[in-house]
Amino acid sequence: MSESLGSLCIVLHGHLPYVLHHGSYPHGEAWLYEAAAETYLPILDMVGECALLKARPALTIGLTPVLLEQLSHDRFKAGFPEYLNERAKRAADDRKDFEKSGQPHFAFLAGQWEKWYQDRLAHFERIKRDIPGEFAGRSREGHIQILTSNATHAYMPLMLNDQAISAQMSAGAYASQQRLGLKPRGMWLPECGYRPEWDHWLPSVLFDNARARPGLETFIANAGVTHFFVDTHLITGGQPLGTFDNGHFQSVNDAQVHWDTRRGWRDVLEPVGVSSRSEAPRCFAFGRHPRVSEQVWSGLIGYPGNGTYLEFHKKHGDRGLRYWKVTDNKAGLGYKDPYYPDDVPAKLYEHAQHFCNVVREVLSEHRNRTGHQGVCVAPFDAELFGHWWFEGPRFLRDVILTLAHDPDIKLMTAEEALYHFPPNKVERLPEGSWGEKGNHSVWINDRNRWMWEIEYRAENRMLKLLHELPWKTNEKIRQVLERAGRQLLLLQASDWPFVVHTQGAVDYGIQRFSGHATNFDRATLMAEELAAGRELSEMRKIELAEMDFHDSVFPHIDLNWWM
């Protein structure tokens, strides 16, 4: 590989909780349809455009197993075209209304929206309604890398039992491989949540008996995953354990870390081997670069807040379309000016050039400081690009096209960066996440602590029944325990405590969590009834049918995942 300042890895984390058959608007299936129309299809479009222009995108794209399950579901494949047609019709109706009221510019924008939704529908039909298959195809062509995750985006640092973590990981790896036809080697840790090994780990609720727990890197490596991503402070706050050269591990002491500054200890531009003990690592971590990421992510200086871009929050009527620009990101919605698409390309070019220059600066500084090339990682929620920031996919396109002709910066997937710049350091990482305050406080606090009490009891109950009931020899017991396992996976999603904490969808989060907890209890009670020799009542059979209808996800559940 030719010498350069280093590489840039753009990582997009695509995720939505399971919403099919669980409401429509404002919370429910509309989330999935909006993300597919505004993010997933535009990103596929952008990847194809760059490839056509001989500029390899080299994006690292996370598609969580629960998202893949939904995008592969017949309910989505039938409902999404209906959604796109409804949006296009709404735009056509808006255009007629604007024309009648003498608002030609808004009529023009409505016509643009009508064509935009029609184009999304044509794209969806062209790929045979198979978004996961299209992403997998782009991966096989070498244009992108796809990451897996655990099954339902469970927040693993706080989970009570090792078996529950293993089940989330095994279910996720299985679903990803089934839906993509390939086995991802990289993983997005839900909420970038990590914890190392602890000899005396104390449960967050209910129990006060400290217990030994392996670090999450153990479960990650056991799932066949070689690398994952963490926030900046987990790298900068790590404890150096040793060097790792040509597969050989050598312990280091504090004195060596102090004088061996050119190695780049605790440097976020250096991928690092992860281990909780002084031993060779089985997997590696990339850290988020704060200065590069904030150019997009920051609410104060981030590009999406520029006045030229489309305003996300102001819509025309109930569930309407957007016709205004940001104007001033501190101004109220009543002070927004009309959106002018012709002003956008110049601003996108300006921001793409600025972004590439920031990457160049941080890599150059690293080269001067350490004498070798760095790996700059910029991770974002995928839905930021297109959904929240309408022009986001075109920004990514301009960045990719710019760096395709830049000899100093190589665009790489994370897997490629791991190959070309093999980590030569091993660290014990601290606990943390990429959430507010960088710790676990978003996912467990006074608003949502009760959820963890229920979750812990459910984990223990699942493990107890798997050891006590004859599910290996009784088909009926096995089938209802599989339903219980599915409900346990769904109630463990980090999304439910998150929306309760942020108060973004409190009622929906409580309803969904409580519903899965109730269904889990129902399924486990049925298993006990069957084990006692009783047949299921008609009411029980109706309850099972409702579970199967509303939660027809992860069709293959293997109870051995919890063993």
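For the pair W452 (side chain) and W443 (backbone), a donor-acceptor distance under 3.5 Å is present. No donor-acceptor pair under 3.5 Å is formed between the side chain of D381 and the backbone N or O of L384. Side-chain atoms of T327 come within 3.5 Å of backbone atoms of K325 as a donor-acceptor pair (strictly under, hydrogens ignored). In this structure, Y194 contributes its side chain and G215 its backbone to no donor-acceptor pair below 3.5 Å. For the pair Q145 (side chain) and A414 (backbone), a donor-acceptor distance under 3.5 Å is present. Under the 3.5 Å distance criterion, the side-chain polar atoms of Q373 are left unmatched by any main-chain donor or acceptor of E3. In this structure, S494 contributes its side chain and Y155 its backbone to no donor-acceptor pair below 3.5 Å. Not one N or O on the side chain of N161 forms a donor-acceptor pair closer than 3.5 Å with the backbone of Q163. Side-chain N or O atoms of D231 include none that pairs as donor or acceptor with a backbone N or O of H233 at under 3.5 Å. In terms of modelled atom types and a separation under 3.5 Å, the side chain of H143 and the main chain of A58 share no donor-acceptor contact.
Residues H387 and F312 place their aromatic rings such that the two centres sit under 6.0 Å apart. Ring to ring, H153 and H13 are close: their centroids are under 6.0 angstrom apart.
Closest approach of T148 to G172, counting heavy atoms only: OG1-O, 3.7 Å. When all heavy atoms are compared, the tightest approach of V377 to V11 is CG1-CG2, 4.0 Å. Residues L63 and L68 share a closest heavy-atom pair of O-CD1, 3.7 Å. The two residues G242 and F249 have their closest heavy-atom pair at CA-CE1, 3.7 Å. Between S139 and L182, the shortest heavy-atom distance links the atoms OG-CD2, 4.0 Å. Taking both residues in full, the closest heavy atoms of V426 and S275 are given as CG1-CB, 3.9 Å, listed atom of the first, atom of the second, then distance.
Annotation: salt bridge (Lys or Arg N to Asp or Glu O under 4.0 Å) contacts involving residues 419-441, sequence neighbours excluded, comprise E270-K425. Counting only residues at least two apart or on different chains, the side chain to side chain donor-acceptor pair (under 3.5 Å) pairs with a member in residues 199-211 are N209-R211. Applying the salt bridge (Lys or Arg N to Asp or Glu O under 4.0 Å) test to pairs two or more places apart or on separate chains, those with a residue in residues 157-171 are D162-R213. Sorted by first then second residue, the salt bridge (Lys or Arg N to Asp or Glu O under 4.0 Å) pairs that include residues 168-188, not counting sequence neighbours, are E69-R179. Residue pairs that meet the side chain to side chain donor-acceptor pair (under 3.5 Å) test with at least one member in residues 46-60, sequence neighbours left out, are R56-E416. Residue pairs meeting the salt bridge (Lys or Arg N to Asp or Glu O under 4.0 Å) criterion with at least one partner in residues 251-263, sequence neighbours excluded, are D245-R263, D260-R263.
Listed by chain and residue number, T232, V268, R288 satisfy the side-chain contact (heavy atoms from CB on, under 4.5 Å) test with P290 (two or more places apart in sequence, or in another chain). Residues forming a salt bridge (charged side-chain N to carboxylate O under 4.0 Å, His left out) with E361 (at least two apart in sequence, or on another chain): R291. Partners of V499 under the side-chain contact (heavy atoms from CB on, under 4.5 Å) rule, at least two apart in sequence or in another chain, are A505. Every residue meeting the side-chain contact (heavy atoms from CB on, under 4.5 Å) condition with P271, not counting sequence neighbours, appears here in chain and number order: F286, V375, P423. Shown here are the side chain to side chain donor-acceptor pair (under 3.5 Å) partners of T236, two or more places apart in sequence or in another chain: there are none.
The distance from atom CG of L67 to atom CG of L32, rounded to the nearest 0.5 Å, is 7.0 Å. Distance check: T152 OG1 to Q492 CD gives 6.0 Å after rounding to the nearest 0.5 Å. To the nearest 0.5 Å, the span separating SG on C356 from CD on Q295 amounts to 11.5 Å. How far OG1 of T226 is from CD1 of I220: 10.5 Å, rounded to the nearest 0.5 Å. Between atom CD1 of residue I444 and atom CZ of residue R449 there is a gap of 5.0 Å, rounded to the nearest 0.5 Å. Here NE2 of H351 is found 8.5 Å from CG of L348. Values are rounded to the nearest 0.5 Å.
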Checklist entry - Going through the checks in order, is the ring-ring contact (aromatic ring centres under 6.0 Å, His included) test met by W450 and F513? => result CA-CA 11 Å; W450 61 274; F513 177 85; 5.5 Å; yes
Checklist entry - What's the verdict on ring-ring contact (aromatic ring centres under 6.0 Å, His included) for F385 and F380, showing C-alpha distance, side-chain angles and the deciding distance? => result CA-CA 9 Å; F385 295 89; F380 307 99; 5.5 Å; yes
Checklist entry - Does the pair W188 and F228 meet the rule for a ring-ring contact (aromatic ring centres under 6.0 Å, His included), with working shown? => result CA-CA 6 Å; W188 183 269; F228 58 97; over 10 Å; no
Item to check | salt bridge (Lys or Arg N to Asp or Glu O under 4.0 Å) assessment of E311 paired with R322 | outcome: CA-CA 7 Å; E311 169 62 54; R322 293 169 282 166; over 6 Å; no
Checklist entry - Hey, mind stepping through W31 and Y508 against ring-ring contact (aromatic ring centres under 6.0 Å, His included) and telling me if it holds? => result CA-CA 13 Å; W31 286 350; Y508 188 75; 5.4 Å; yes
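The 12-atom threshold is not exceeded at CG of D446, counting heavy atoms of other residues, nucleotides or ligands nearer than 6.0 Å.
R195 has no carboxylate O lying under 4.0 Å from a charged side-chain N of E217, or vice versa, which leaves the two without a salt bridge. Look at E350 and K347 and you find a salt bridge, because one of the NZ, NE, NH1 or NH2 atoms lies within 4.0 Å of a carboxylate O, short of that distance.
For the pair L180/I146, a side-chain contact is recorded, criterion being any heavy-atom separation below 4.5 Å from C-beta on. Residues D408 and L363 are not in side-chain contact: their nearest non-hydrogen atoms beyond the backbone lie 4.5 Å or more apart. Using a 4.5 Å cut-off on side-chain heavy atoms (C-beta onward), P157 and L216 make contact. You'll find the side chain of V296 reaches within 4.5 Å of the side chain of W389, heavy atoms only. With a 4.5 Å cut-off on side-chain heavy atoms, L189 and M156 count as touching. Side-chain contact check for V205 versus Y456: some heavy-atom pair is nearer than 4.5 Å. Two residues are said to be in side-chain contact when any heavy atoms from C-beta on lie closer than 4.5 Å; P214 and F219 meet this criterion. When side chains are defined from C-beta on, F135 counts as touching Y40, because their heavy atoms get closer than 4.5 Å.
Inspection of the N445 and H440 side chains reveals no N or O donor paired with an N or O acceptor under 3.5 Å.
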Side-chain donor-acceptor contacts of residues 393-404 below 3.5 Å, not counting sequence neighbours, with atom names and distances?
from : atom 1 : to   : atom 2 : distance (Å)
T402 : OG1    : Q353 : NE2    : 2.9
T402 : OG1    : D398 : O      : 2.7

